[in-house]
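Numbered from 1 within each chain, the chains take letters A, B, ... in sequence-line order. Side chains included, hydrogens not; waters and symmetry mates left out as well; all remaining heavy atoms used.
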Amino acid sequence: MSVLSQHFFERPVLTVAPELLGKHLVREFPDGTTIKLQITEVEAYDGEKDLACHASKGRTARTQTMYESGGIWYVYLVYGMYHMLNMVTGDADYPAAVLIRGAGELNGPGKLTKHLKVDKSLNARASATSTGLWIEESGVVVPEHHIIRTPRIGVDYAGEWAAKPYRFMLAS
DNA sequence: GGAGTGATGACA
DNA sequence: GTCATCACTCCA
């Protein structure tokens, strides 16, 4: 199956996020072993106006990655323990990203990155086979009624933005 | 319900 | 420099 092109990610985050459901997240280690997981849960973070988005604080050393054009990984550490895996979307200078919260049998963004050995060394790297972490077509077509939309998790501080239905899940 | 953990941003 | 906060998970 083909690797999703940078083109795919250079679109509005609310368009890209639901389309990632059902696609394959692929991790390849230096020893050649690969892990391929179907993406089951994502969240969208959309620009400086989105108070739940890190870029609501503006351009900083950390958020710079989100200001790049789509198709690169945004990885950061929360709570001193867990790396979060995000895919940057949209055009350059518009900060937006999709958080991958679940894939395969793994529920929870922290468990996902631990299992796939994803850390900050992948931050700002392209989604590509040369990086060892990428997203590719699965051939699965997800009908719209199999997608569940809910508010995002863990962003209660974001006022009215906490209530936006920016979380997308595959119905089981 | 509450702790662990350390990078990050705000403020001085 | 200090301090509070955090896109989480596990254990009670």
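- If you take NZ of A/Lys57 and C1' of B/dC11, they are 14 Å apart, rounded to a whole angstrom.
- The phosphate of C/dC8 (OP1 or OP2) has a side-chain N or O of A/Arg101 nearer than 4.0 angstrom.
- Stacking between A/Tyr76 and B/dA7 is absent: the aromatic ring centre is not both under 5.5 angstrom from the base six-membered ring centre and within 30 degrees in plane angle.
- Atom P of nucleotide C/dC11 and atom NZ of A/Lys111 are separated by 11 Å, given to the nearest angstrom.
- A/Arg101 places no side-chain N or O within 3.5 Å of a backbone atom of A/Leu112 that could act as its donor or acceptor partner.
- Rounded to an integer number of Å, the gap from A/Tyr82 OH to B/dT5 C1' is 9 Å.
- Of all nucleotides present, only B/dG9 satisfies the Watson-Crick or G-U wobble test against C/dC3, with each distance under 3.5 Å.
- Relative to the side chain of A/Thr60, the nucleotides B/dG9, C/dA7, C/dT9 differ in distance, and B/dG9 lies closest.
- Residue contacts shown for A/Gly80 include a base, since a base heavy atom lies under 4.0 Å away.
- Contact between the side-chain N/O atoms of A/His54 and the OP1/OP2 oxygens of B/dT8 is not found at any separation under 4.0 Å.
- In this structure, A/Tyr45 places its OH atom 13 Å from P of C/dC6, rounding to the nearest Å.
- Ranking B/dA7, B/dT5, C/dC8 by closeness to the A/Met84 side chain, first place goes to C/dC8.
- When each of B/dT5, C/dC8, C/dA7 is scored by its nearest atom to the side-chain atoms of A/Tyr157, the top-ranked nucleotide is C/dA7.
- Electrostatic pairing of A/Lys23 and A/Glu137 counts as a salt bridge here, judged by a charged N lying under 4.0 Å from a carboxylate O.
- Using a 4.0 Å heavy-atom distance criterion, A/Arg62 is classed as a sugar-phosphate-only contact.
- A/Lys120 comes within contact range of the sugar-phosphate backbone alone, with a heavy-atom separation under 4.0 Å but no base atom that close.
- Judged by Watson-Crick or G-U wobble contacts below 3.5 Å, the nucleotide C/dC11 has B/dG1 as its partner.
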